[in-house]
Amino acid sequence: VEGVSIGVASLRDDRNRVVEPGCPPARERLANIDRLAARGLPVALRADPLFPALDDDPAALRVLVEESARRGVRRVMAAYVIAWGRYLRRLGREPLLAESSRLLSERTPMAGGAAY
């Protein structure tokens with residue numbers, strides 16, 4: 001194994017229950033970093049999907065990155081959410097994500113069409 005990525009985009013449990021239903025809480029996922037780093041494996045943080053106006057507050061990102069670094073992460077990969085069609089409309093109906101979905105306005109060309 002050359003390295004492992006652990007996905008955590010936010011430490012907010014309310015956000016994660018909506019955006020990532022069925023996933024373990026962020027603190028449990030961060031605990032995996034401890035176990036992997038203790039075994040000498042390189043661990044990266046995968047901070048995605050980030051939602052504009054919800055996940056990209058500099059102070060919240062700083063806490064997430066510092067917490068991950070303290071546990072042994074040396075690389076961070078991050079990307080904003082890409083949504084289209086029914087998924088984008090569903091995001092707009094979710095109160096926690098409504099503002100974010102309105103900000104997903106830049107067309108992103110993809111195979112078979114475009115996303116935002």
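In this chain, numbering begins with 1 at the start of the sequence shown. Model, not experiment: these values are computed from the prediction.
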Spacing of Asp48 atom CG and Ile82 atom CD1 [to the nearest 0.5 Å]: 9.5 Å
Gap separating the CG atom of Asp55 from the CZ atom of Arg15, nearest 0.5 angstrom: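 These two atoms lie 4.0 Å from each other.
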Evaluation steps, side-chain contact (heavy atoms from CB on, under 4.5 Å), between Tyr80 and Asp56: CA-CA 9 Å; Tyr80 278 103; Asp56 56 1; 2.8 Å; yes
Derivation of the side-chain contact (heavy atoms from CB on, under 4.5 Å) call for Ser10 and Leu64: CA-CA 7 Å; Ser10 174; Leu64 176 62; over 6 Å; no
Are [X] and [Y] close enough that some pair of their side-chain heavy atoms sits under 4.5 Å apart?
| X | Y | answer |
| --- | --- | --- |
| Arg27 | Leu11 | yes |
| Val76 | Ser68 | no |
| Arg35 | Leu41 | no |
| Phe51 | Glu99 | no |
| Arg71 | Leu30 | yes |

Pair Leu36-Ile6, side-chain contact (heavy atoms from CB on, under 4.5 Å): steps then yes or no: CA-CA 10 Å; Leu36 292 163; Ile6 301 295; 3.8 Å; yes
Distance-only side-chain donor-acceptor flag, Asn32 / Arg29, under 3.5 Å: no
Heavy atoms from other residues, nucleotides or ligands near CZ of Arg75 exceed 12 (cutoff 6.0 Å): no
Derivation of the side-chain contact (heavy atoms from CB on, under 4.5 Å) call for Glu94 and Arg90: CA-CA 7 Å; Glu94 172 58 51; Arg90 183 179 71 79; 5.7 Å; no
Can you check whether [Y]'s main-chain N or O pairs, donor with acceptor, with [X]'s side chain at less than 3.5 Å?
| X | Y | result |
| --- | --- | --- |
| Asp57 | Ala59 | yes |
| Arg74 | Ala44 | no |
| Ser5 | Arg46 | no |

Flag yes if [X] and [Y] sit in one hydrophobic cluster, no otherwise; membership is Ile, Leu, Val, Met, Phe, Trp, Tyr, and two members link when side-chain heavy atoms are under 4.5 Å apart.
| X | Y | result |
| --- | --- | --- |
| Val43 | Val63 | yes |
| Val4 | Val65 | yes |
| Val73 | Leu61 | no |
| Val18 | Leu104 | yes |
| Leu103 | Leu91 | no |

Would you name the heavy atoms of [X] and [Y] that are closest together and state the gap between them?
| X | Y | answer |
| --- | --- | --- |
| Ala47 | Leu50 | O-CG, 3.5 Å |
| Ser101 | Gly92 | OG-CA, 3.2 Å |
| Gly72 | Ala37 | CA-CB, 4.4 Å |
| Asp13 | Ala26 | OD1-N, 4.4 Å |

Glu67/Arg62 salt bridge by N-O under 4.0 Å criterion: no
